[in-house]
Amino acid sequence: IIRLANLLREELAKIPEIVLYGPEDQNRRTSIVSFSINGKSPQDIVQRLEHQKIVLAVREISDLKIIRVSPHFFNNESEILKLVDEIKRL
């Protein structure tokens, strides 16, 4: 699961509009990946991706709304890459 989360972080980091939250150090990370996209509403993004059968969540850190991805044992690398492709299309 951590491998999938790390793959997602690596791919999202390549997208200039993405802001990633959480530890940079892989040894301190969990399987949860949190991010936002500059100029886009997290709620709108989550709703649009739900139409692609991609389930994400909006969470708040203080006053900041972010998107949370929680890969699990039933997810695979191709699903992570599909998520990244869909985010690039937003």
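The structure presented is a predicted model; accordingly, all values stated were derived computationally and were not measured.
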Measuring from [X]:[atom1] to [Y]:[atom2], what's the distance to the nearest 0.5 Å?
X: Asn6; Y: Arg29; atom1: CG; atom2: CZ; value: 5.0 Å
X: Gln47; Y: Leu56; atom1: CD; atom2: CG; value: 11.5 Å
X: Leu8; Y: Leu4; atom1: CG; atom2: CG; value: 9.0 Å
X: Ser36; Y: Ile67; atom1: OG; atom2: CD1; value: 7.0 Å

Would [X] and [Y] show up in the same hydrophobic cluster when neighbours are defined by side-chain heavy atoms closer than 4.5 Å?
X: Ile45; Y: Leu20; value: yes
X: Tyr21; Y: Ile80; value: no
X: Ile2; Y: Leu81; value: no
X: Ile54; Y: Ile32; value: no
X: Ile1; Y: Leu12; value: no

Verify the neighbour count for atom [atom1] of [X]: are there more than 12 heavy atoms of other residues, nucleotides or ligands below 6.0 Å?
X: Glu24; atom1: CD; result: no
X: Arg48; atom1: CZ; result: no
X: Lys82; atom1: NZ; result: yes

Answer yes or no: is there an ion pair linking Arg89 with Glu86, defined by an N-O contact shorter than 4.0 Å?
->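 Yes.
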Which of these passes side-chain contact (heavy atoms from CB on, under 4.5 Å) with Phe35: Val69, Ile66, Val19?
->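 Single pass found, and it is Val69.
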Nearest atoms (heavy-atom pairs only) where Pro23 meets Arg9 =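 Nearest heavy atoms, Pro23 then Arg9: O-NH2, 3.5 Å.
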ring-ring contact (aromatic ring centres under 6.0 Å, His included) partners for His72, two or more places apart =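 Once residues adjacent in sequence are excluded, the partners of His72 under the ring-ring contact (aromatic ring centres under 6.0 Å, His included) criterion are Phe74.
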